[in-house]
Trainee: 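Quick one: the structure is below, questions incoming.
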Amino acid sequence: MNFRTITILTGAGISAESGLGTFRDEGGLWSRYSLKEVATPEGFAADPHKVHGFYNARRANAAEALPNAAHHAIARLQEDPRHDTMVITQNVDRLHEAAGSRALHMHGELARALCAVCGHRWDAPAEMAPGDACPACATTATRPDVVWFGEMPYHLPEIDQRLARTDLFVAIGTSGQVHPAAGFVEEAWMHGAHCVEINLEPSEIAGLFHETVNGPASEAVPLWVDRLIG
Ligand code: OAD
């Protein structure tokens with residue numbers, strides 16, 4: 001099959017072997033922290049110290065992590081001139097960029113800060129705190145530039161347009177439990193794309209894909225890229 005336009009959606013599973021925890025696997029982040037307390041606007045309003053503490057710790061972990069063979073394989077595919085490959089990630093780490101890829105961060109980035117009042121964005125310091133002032137408007141309403149539950153993910157118009165014209169859609173290391181990303185496979189399928197899931201084990205939405213490949217991303221993704229581009 002000739003797949004000129006390729007769209008890859010990644011989730012926490014692609015970064016698991018780089019030492020960054022997933023959310024819903026056994027021992028995952030949402031078994032140790034309350035999602036409502038640390039990943040909603042209401043949680044931030046109730047206890048900004050706790051929320052900054054959670055993201056400061058994740059930022060420190062992410063800063064030490066290195067991309068694995070799956071991130072590198074995707075970067076190799078993105079460099080291949082025979083294909084037009086877009087990477088959309090739900091991850092807030094920068095491991096795709098560290099491997100040399102360009103990625104749309106639909107759930108934001110740990111390494112960026114956002115002013116909740118004027119919308120200015122800048123590189124986050126290692127430690128953020130509730131009293132930090134926005135460098136543009138000086139208001140002390142700064143927050144991590146990550147998308148919380150109940151907020152609109154980034155880049156959705158561009159992603160919708162892309163899913164309508166992609167030949168191949170591949171979801172890697174994502175449980176398919178969080179919308180809108182979980183619905184991308186149906187959108188791509190509806191527009192005629194071939195859909196592949198690469199995951200440690202079949203996700204709850206594995207049946208929505210034409211093809212599933214199971215195994216650790218650091219092994220399964222390079223093999224799959226090799227098959228595609230040799
Ligand atoms: P999840 O933790 O929900 O799912 C991770 C998936 O990766 C699971 O299906 C695992 O089986 C799989 N997995 C684990 N290790 C793997 C490995 N080595 N190789 C391949 N697959 C592996 O994470 P996401 O689907 O990314 O959003 O979660 C989606 C969103 O929910 C996140 O972006 C975050 C979270 O709450 C927000 O915070 C807004």
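Every number for a ligand or one of its atoms is a count from 1 in the order of the listing. Numbering of residues begins at 1 and proceeds along the displayed sequence.
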Trainee: Heavy-atom distances under 4.0 Å decide this one: backbone, side chain, both or neither, for Ala12 against ligand 1?
Mentor: both

Trainee: Look only at the side chain of His210 and the backbone of Cys195, and say whether a donor-acceptor pair between them is shorter than 3.5 Å.
Mentor: yes

Trainee: Return yes or no for this condition: an N or O of Val147 is under 3.5 Å from an N or O of ligand 1.
Mentor: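 No, Val147 has no N/O under 3.5 Å of an N/O on ligand 1.
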
Trainee: Going by an N to O cut-off under 4.0 Å, is there a salt bridge joining Asp84 and Arg162?
Mentor: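 Between Arg162 and Asp84 there is a salt bridge, with a charged N closer than 4.0 Å to a carboxylate O.
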
Trainee: Given Leu200, Asp25, Val92, Ile14, which has its nearest heavy atom closest to atom 10 (C) of ligand 1?
Mentor: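 That would be Asp25.
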
Trainee: Taking 4.0 angstrom as the limit and counting only heavy atoms of Ala16, give me the atoms of ligand 1 inside it, by number and element.
Mentor: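 Result: 15 (N).
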
Trainee: Closest by any non-hydrogen atom to atom 5 (C) of ligand 1: pick that one out of Ser18, Gly173, Gly11.
Mentor: Gly173

Trainee: Relative to ligand 1, is Trp30 under 4.0 angstrom through side chain, backbone, both or neither, heavy atoms considered?
Mentor: side chain

Trainee: Run the ring-centre check on His120 versus Trp122 and record whether the distance is less than 6.0 Å.
Mentor: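 Yes, the ring centres sit under 6.0 Å apart.
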
Trainee: Which residue owns the protein heavy atom closest to atom 18 (N) of ligand 1, what's the atom, and how far is it?
Mentor: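 Looking at atom 18 (N) of ligand 1, the protein heavy atom closest to it is Glu17 OE2, 2.9 Å.
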
Trainee: When you measure from the side chain of Ser101 to the backbone N and O of Ala103, does any donor-acceptor pair fall under 3.5 Å?
Mentor: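 Absent.
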
Trainee: Just by modelled atom types, is the Ala141 backbone N or O under 3.5 Å from a matching donor or acceptor in the Thr139 side chain?
Mentor: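 Between the backbone of Ala141 and the side chain of Thr139 there is no qualifying donor-acceptor contact (under 3.5 Å).
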
Trainee: Starting from the C-alpha separation in whole Å, work towards a yes-or-no answer on salt bridge (Lys or Arg N to Asp or Glu O under 4.0 Å) for Glu97 and Arg102.
Mentor: CA-CA 6 Å; Glu97 288 80 0; Arg102 298 169 307 284; over 6 Å; no

Trainee: Could you tell me whether some N/O pair between Glu201 and ligand 1 is separated by less than 3.5 angstrom?
Mentor: no

Trainee: What residue and atom, counting heavy atoms only, is the protein's closest point to atom 25 (O) of ligand 1, and at what distance?
Mentor: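 Protein heavy atom at minimum distance: Thr174 OG1, 2.7 Å.
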
Trainee: So, applying ring pair (Phe, Tyr, Trp, His ring centres under 6.0 Å) with Phe44, which one of Phe54, Trp148, Tyr55 is it?
Mentor: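 Testing each of Phe54, Trp148, Tyr55 against Phe44, the sole residue satisfying ring pair (Phe, Tyr, Trp, His ring centres under 6.0 Å) is Trp148.
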
Trainee: Thinking salt bridges, do Asp226 and Arg76 make one under a 4.0 Å N-O criterion?
Mentor: yes

Trainee: Between Arg58 and Glu127 (salt bridge meaning N to carboxylate O under 4.0 Å), is one present in this structure?
Mentor: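 No, this pair does not count.
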
Trainee: In terms of residue, atom name and distance, what is the protein heavy atom nearest to atom 12 (C) of ligand 1?
Mentor: Asn199 OD1, 3.4 Å

Trainee: Should you measure from each heavy atom of Val178, which atoms of ligand 1 turn up under 4.0 Å away?
Mentor: 29 (C), 30 (C), 31 (O)

Trainee: Please state which protein non-hydrogen atom is closest to atom 13 (N) of ligand 1 and give its distance, to 0.1 Å?
Mentor: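 That would be Gly13 CA, 3.6 Å.
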
Trainee: Provide, to 0.1 Å, the distance between atom 19 (N) of ligand 1 and the closest protein heavy atom, together with that atom's residue and name.
Mentor: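 Nearest neighbour among protein heavy atoms for atom 19 (N) of ligand 1, to 0.1 Å: Ala217 N, 2.8 Å.
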
Trainee: For the pair Phe184 and Phe169, name the ring-plane relationship: parallel under 30°, tilted 30 to 60°, perpendicular over 60°.
Mentor: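 Answer is perpendicular, since the angle exceeds 60°.
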
Trainee: Checking Asn214 side chain against Ile198 main chain: does a donor-acceptor pair fall under 3.5 Å?
Mentor: no

Trainee: Can you confirm whether the side chains of Asp93 and Ser15 place a donor and an acceptor under 3.5 Å from each other?
Mentor: yes

Trainee: Heavy atoms only, cut-off 4.0 Å: how does Ala39 contact ligand 1, side chain, backbone, both, or neither?
Mentor: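 Ala39 to ligand 1: no contact under 4.0 Å from either part.
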
Trainee: When only distance counts, is Ser203 in polar contact with ligand 1, meaning an N/O pair under 3.5 Å?
Mentor: no

Trainee: Test of understanding: given a 4.0 Å heavy-atom threshold, classify the contact between Thr22 and ligand 1 as side chain, backbone, both, or neither.
Mentor: both

Trainee: Tyr154 ring centre to Arg121 NZ or CZ under 6.0 Å, with the angle to the axis within 45°?
Mentor: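 Yes - Arg121 lies over the ring of Tyr154, closer than 6.0 Å to its centre and within 45° of its axis.
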
Trainee: Test your reading of the structure: does Asn91 have an N or O sitting under 3.5 Å from an N or O of ligand 1?
Mentor: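 Asn91 vs ligand 1: no N/O contact under 3.5 Å.
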
Trainee: Which heavy atom of the protein is the closest neighbour of atom 1 (P) of ligand 1, given with residue, atom name and distance?
Mentor: Ser175 OG, 3.6 Å

Trainee: Side chain, backbone, both or neither: which applies to Arg24 and ligand 1 if a contact is any heavy-atom pair less than 4.0 Å apart?
Mentor: both

Trainee: Is it true that Glu42 and Lys36 have a side-chain N and a carboxylate O under 4.0 angstrom from each other?
Mentor: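 No salt bridge links Glu42 with Lys36.
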
Trainee: Please confirm whether Gln177 approaches ligand 1 to less than 4.0 Å, judged on its heavy atoms.
Mentor: no

Trainee: Among the heavy atoms of Pro216, does any lie under 4.0 Å from an atom of ligand 1?
Mentor: yes

Trainee: Test your reading of the structure: does Trp148 have an N or O sitting under 3.5 Å from an N or O of ligand 1?
Mentor: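 N/O-N/O distance below 3.5 Å does not exist for this pair.
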
Trainee: Atom 33 (O) of ligand 1: which protein heavy atom is closest, and how many Å away?
Mentor: His107 ND1, 2.8 Å

Trainee: Report the nearest protein non-hydrogen atom to atom 38 (O) of ligand 1: residue, atom name, distance rounded to 0.1 Å.
Mentor: Phe149 CE1, 3.9 Å

Trainee: Are His194 and Phe3 close enough that their ring centers fall under 6.0 Å?
Mentor: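 Centroid distance His194-Phe3: below 6.0 Å, so yes.
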
Trainee: Considering only heavy atoms, does Gln90 approach ligand 1 within less than 4.0 Å through its side chain, its backbone, both, or neither?
Mentor: both

